[in-house]
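Residue numbers begin at 1 in each chain, while the letters A, B, ... track the order of the sequences. Any value given below was found using the heavy atoms of this structure, including those in side chains, with hydrogens, waters and symmetry copies removed.
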There are 2 protein chains.
Amino acid sequence: MDPHLLRTYVSVARLASFSAAARELGYTQSAVSQHVAALEADLGMPLLGRRPVAPTPAGERLLEHAASLLLRLDAARADLARFAAPPRETLTLAAAPLALHPRVLAALPATGVTVRTLPRDEVPAAVATGAADLGLVDGLAAPSDPLRLPDVAPVTARPVAEEGLVVALPANHPLASRATSATAPATSATAPATSATAPAGATTAPATSADAGTLTAPAPGLVLADLVDARWLDAPDAGFPLDRLRAVHGAPAGRGFRAALRYEGTDARTLTALAAAGHGLALLPASAAGLGVPGAVFVPLAAPRLVHRTELLHAGREPAGPAAELVRRLGPRTAAGR
Amino acid sequence: MDPHLLRTYVSVARLASFSAAARELGYTQSAVSQHVAALEADLGMPLLGRRPVAPTPAGERLLEHAASLLLRLDAARADLARFAAPPRETLTLAAAPLALHPRVLAALPATGVTVRTLPRDEVPAAVATGAADLGLVDGLAAPSDPLRLPDVAPVTARPVAEEGLVVALPANHPLASRATSATAPATSATAPATSATAPAGATTAPATSADAGTLTAPAPGLVLADLVDARWLDAPDAGFPLDRLRAVHGAPAGRGFRAALRYEGTDARTLTALAAAGHGLALLPASAAGLGVPGAVFVPLAAPRLVHRTELLHAGREPAGPAAELVRRLGPRTAAGR
DNA sequence: CACTCTCCATCACGAACGCTTATGACCTAC
DNA sequence: GTAGGTCATAAGCGTTCGTGATGGAGAGTG
């Protein structure tokens with residue numbers, strides 16, 4: 001199980017071609033063929049079906065292991081390199097689409113910052129391999145529970161903020177009347193000041209309701225179970241995967257929360273605009289109301305009791321340089337939670 | 001970062017000797033020297049100080065990574081091998097010293113079972129590498145919270161049981177009067193029936209306090225904070241590491257919970273006997289009262305609100321063979337918790 | 001059906017690598 | 001000072017690894 005062989009195997013499996021993998025890796029097709037043969041001989045089982053080139057069941061299994069192993073290998077390299085090199089002056093921040101919390105924006109240094117939006121599950125890898133100094137990931141969790149991050153990469157997580165969840169609707173949607181606040185503000189402020197000062201861990205109650213018309217008799221929010229049969233935006237890279245909603249609701253994978261329009265991209269504002277245009281519902285953090293999307297209505301999610309939690313990731317034990325400063329500003333308490 | 005080089009590096013660091021590592025690995029001392037030199041050249045930094053042979057700070061860091069990487073490499077191998085081979089007939093169970101819960105004992109098949117007690121942090125590795133089919137780990141956690149397992153190995157955890165915690169004392173200890181029940185039963189039953197039928201997740205309330213008189217209120221149990229200055233048994237392989245108690249109490253590492261006698265071993269009954277003999281306090285699951293150690297008194301822990309949680313580990317997605325049967329008997333609910 | 005194109009497997013060869021033996025430099029013990 | 005231990009270095013040599021060339025197997029085309 002030489003990592004070299006694993007690397008070529010992963011390439012071959014991904015490209016479904018020995019020749020293409022050879023081109024990508026700078027090898028000869030012959031070498032790639034020998035690599036795969038060596039790996040299959042080492043493990044004593046076929047890994048790839050030829051013609052067409054596709055992984056066997058065992059090969060599929062190996063792909064999962066190999067991805068994790070190679071990532072951790074790179075992460076170890078990066079960690080050691082970071083250990084020796086002097087701390088960088090610049091700060092690169094990898095953020096999931098909905099994770100760029102106002103609290104973080106307020107704590108960023110004035111210069112030398114690069115922000116990169118990535119799909120949610122690529123952020124830990126970016127932090128681990130050193131492609132980014134810090135990462136911001138978000139997700140659904142019970143109040144004050146840590147996020148269940150995939151343990152593909154060794155990173156340390158610190159809580160940043162928790163806030164309520166809302167469902168984005170077009171203004172003419174039948175359920176829009178349950179919104180507690182008015183439509184989105186006209187000014188498209190980049191950093192909404194609401195909840196920017198809320199301490200992490202505090203469950204942001206849906207306070208400061210604008211008008212009291214919807215408070216008592218009509219439901220103050222939506223129940224996710226009532227939206228199982230609705231049409232949702234399928235935005236695996238920008239919002240929450242629909243399977244996540246199904247898991248939260250307890251539905252089996254593939255049942256309920258049907259997809260309407262599918263959005264392949266990582267822009268949270270685009271996603272909100274699509275919801276506002278009636279192409280499907282979207283579950284968003286409450287601060288999405290500050291995105292300034294005209295025509296969007298946000299209805300708080302009343303049940304199940306979930307929060308949108310944001311966590312800050314860094315590699316290794318303690319960050320250094322500007323990353324350390326940012327961590328210090330965001331998290332005065334070092335070991336948060338259990 | 002060839003795993004071969006990592007393996008030799010780990011051996012050299014552990015044995016603090018190039019020559020000894022060469023003997024252990026079946027290499028020449030020269031080869032080991034070249035391995036280390038190659039690794040240092042690859043990473044561009046010294047890893048070992050010579051004379052005496054000791055890791056540099058960067059080398060210490062690499063050791064952590066290397067241990068995890070090599071373990072995962074072995075785990076991947078074992079998983080693939082398991083994937084191809086027919087399911088085994090026998091069942092090997094690796095259990096932490098306090099994790100062999102009566103519920104599990106009751107569910108074991110009649111024949112073909114091997115139980116192996118290991119230190120707590122070696123159990124996941126044993127399961128991942130295939131040295132054991134299933135693992136049982138225990139730990140302190142908030143009620144219904146999953147254990148925080150070190151992610152050194154890719155394993156799947158399922159809850160088995162939760163029960164209260166007790167502090168083991170000798171009968172003549174000043175705090176022994178706070179015990180709720182009498183001393184250990186005379187009969188040394190192998191499988192205590194108490195709490196064997198208690199459902200998982202039920203917090204064992206400290207009920208039926210014995211007598212009053214010590215302080216203002218007749219405390220029905222002990223508060224961990226009152227025992228910070230007591231002398232504790234230091235049994236890193238059998239009980240809970242003292243650092244774990246310090247972390248629970250919020251004390252900095254190394255402060256409080258001083259060690260009295262140190263026990264190097266994995267026998268829970270021995271540990272209880274040491275506590276009964278007055279060599280120090282020990283924090284144990286409530287079912288330890290059934291170990292049948294004469295002279296031992298067990299006082300429930302009233303605060304902080306913690307439970308002794310037991311989880312079952314298995315490698316891969318789904319177990320096969322007798323392991324699958326055991327998992328099925330223990331965990332009717334497949335996906336437990338969040 | 002022949003032809004061609006592309007794909008992957010196999011063979012042979014040169015270069016590079018990896019391990020061993022042998023030797024040197026250095027330290028500690030007596 | 002010598003002996004015994006350590007680790008580093010050099011030379012030798014077998015093995016491995018990658019390349020280039022060749023061959024068989026399908027797929028598409030006329």
For [X] and [N], what is the distance between atoms [atom1] and [atom2] respectively, to the nearest whole Å?
{"X": "A/Asp2", "N": "C/dG18", "atom1": "CG", "atom2": "P", "answer": "10 Å"}
{"X": "B/Leu15", "N": "D/dC7", "atom1": "CG", "atom2": "P", "answer": "10 Å"}
{"X": "A/Gln34", "N": "C/dT10", "atom1": "CD", "atom2": "C1'", "answer": "9 Å"}
{"X": "B/Leu39", "N": "C/dG18", "atom1": "CG", "atom2": "C1'", "answer": "15 Å"}
{"X": "A/Leu25", "N": "D/dG18", "atom1": "CG", "atom2": "P", "answer": "11 Å"}
{"X": "A/His4", "N": "D/dT16", "atom1": "NE2", "atom2": "C1'", "answer": "13 Å"}
{"X": "B/Phe18", "N": "D/dT9", "atom1": "CZ", "atom2": "C1'", "answer": "13 Å"}
{"X": "B/Gln29", "N": "D/dT9", "atom1": "CD", "atom2": "C1'", "answer": "10 Å"}

Subject >> Under-3.5 Å donor-acceptor pair between A/Thr28 side chain and D/dG20 base >> reply: no
Original post:
Would you say the side chain of B/Ser30 and the base of C/dT21 hold a donor-acceptor pair, judged only by whether the two atoms sit under 3.5 Å apart?
Top reply: yes
Is any side-chain N of the basic residue among [X] and [Y] closer than 4.0 Å to the acidic one's carboxylate O?
{"X": "B/Arg120", "Y": "B/Glu122", "answer": "no"}
{"X": "B/Arg246", "Y": "B/Asp243", "answer": "yes"}
{"X": "A/Asp79", "Y": "A/Arg82", "answer": "yes"}

Original post:
Just checking B/Val32: base, sugar-phosphate only, or nothing, at a heavy-atom cut-off of under 4.0 Å?
Top reply: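 Answer is nothing: B/Val32 stays at 4.0 Å or more from every strand.
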**OP:** Please find out if less than 6.0 Å separates the ring center of A/His35 from that of A/Tyr27.
**Re:**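 Ring centroids of A/His35 and A/Tyr27 are less than 6.0 Å from each other.
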Subject >> Under 4.0 angstrom between A/Ser17 side-chain N/O and C/dC8 OP1 or OP2 >> reply: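 A/Ser17 to C/dC8 OP1/OP2: side-chain N or O found under 4.0 Å.
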Subject >> Per B/Ser19 side chain, nearest of listed nucleotides C/dT20, D/dC7, C/dA12 >> reply: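 The listed nucleotide nearest to B/Ser19's side chain is D/dC7.
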Original post:
If you check every side-chain atom of B/Tyr27, which of D/dG18, D/dT6, C/dC19 has the closest atom?
Top reply: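 Selected nucleotide (nearest to the side chain): C/dC19.
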Subject >> Side-chain donor/acceptor of A/Thr266 to backbone N/O of A/Leu118, under 3.5 Å >> reply: no
